[in-house]
Amino acid sequence: MNVLLQAGRYDNPEEHPFFPDNLPPSLVPHYKYPEVLHPAAMSININKLIWDMYFNKLLPSFVSPGDDGNYALTAARDLECLQAISRRIHYGKLVAEVKFRDERKDYEPAIRAQDRFTLTNLLTFTNVEEAVKKRVAKKAMTFGQEVKLGDDGDKGKYKVDPAIVSGLYADWVIPLTKEVEIDYLLRRLN
Ligand SMILES: O=C(O)C(=O)C[C@]1(C(=O)O)C=C[C@@H](O)C=C1
């Protein structure tokens, strides 16, 4: 993992460390990423919540208890999943910035009043959320198929139940993305 840190992983504003203290310095030349977000975005990192959700809610919902000894591979896959989920959720900063620029006159009074309720209403699009959940279920069906030659006996069997994956979005990924959007918007006029 150190090699990724030293290759400047956390210089990239789309990446958020799970353990931000004492990160080893990057050894690659500093890349000048475009400054799209308000600087307050840097202070938003909800990875503690994501870690808790992943280990305490998500994994127990579909992993069988037990010990198969595959510790290293399991840890590597967990890290990949955690980082992918974290990236997706923290994209909320970019989504919020676009929404703010598009509807500045609606967002500004709610931000000045630090009114979470109005901000939540402004940034919520139920039809988009429904489409995201359906698309995620479809992706889980497409990419989670057993690939076999001939015999179709496993048709309809998936590596992970698509309903669990779309439930993950409904219960955690979308709400936490909205949490990041709100945290960002509350600081947008600082
Ligand atoms: O696409 C958006 O507008 C987003 O804010 C992202 C997202 C999501 O997490 O998928 C979150 C809130 C909206 O209600 C719809 C979708």
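Throughout, numbering of the chain's residues begins at 1 and tracks the sequence. Everything numeric in this text was worked out from a predicted model, so none of it was measured. All ligand and atom numbering here is 1-based and tracks the order in the structure.
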Between Arg87 and Glu15 (salt bridge meaning N to carboxylate O under 4.0 Å), is one present in this structure?
yes
What donor-acceptor contacts under 3.5 angstrom involve side-chain atoms of residues 108-126, with partners at least two apart or in another chain?
| unit_1 | atom_1 | unit_2 | atom_2 | d |
| --- | --- | --- | --- | --- |
| Glu108 | OE1 | Arg112 | NH2 | 3.2 |
| Glu108 | OE2 | Arg104 | NE | 2.7 |
| Glu108 | OE2 | Arg104 | NH2 | 3.2 |
| Gln114 | NE2 | Ile111 | O | 2.8 |
| Gln114 | NE2 | Leu186 | O | 3.0 |
| Asp115 | OD1 | Phe117 | N | 3.1 |
| Asp115 | OD1 | Thr118 | N | 3.0 |
| Asp115 | OD1 | Thr118 | OG1 | 3.4 |
| Asp115 | OD2 | Thr118 | OG1 | 2.5 |
| Arg116 | NH1 | Glu179 | OE2 | 3.3 |
| Arg116 | NH2 | Asp183 | OD1 | 3.2 |
| Thr120 | OG1 | Arg116 | O | 2.7 |
| Thr124 | OG1 | Thr120 | O | 2.6 |
| Thr124 | OG1 | Lys178 | NZ | 3.1 |

If the criterion is any heavy atom closer than 4.0 Å to an atom of ligand 1, which residues make the list?
Arg88, Val95, Lys99, Leu123, Thr124, Phe125, Val128, Glu129, Val132, Ile174, Thr177, Lys178, Glu181
Kindly state each residue pair satisfying ring pair (Phe, Tyr, Trp, His ring centres under 6.0 Å) with at least one member in residues 59-105, sequence neighbours excluded.
His16-His90
Do NZ/NE/NH1/NH2 and the carboxylate oxygens of Glu130 and Lys134 come within less than 4.0 Å?
no
Quick one: which of Val95, Leu94, Asp102 gives a side chain to side chain contact (heavy atoms under 4.5 Å, CB included) with Val98?
Asp102
Ring pair (Phe, Tyr, Trp, His ring centres under 6.0 Å) pairs, two or more places apart, involving residues 163-184:
none
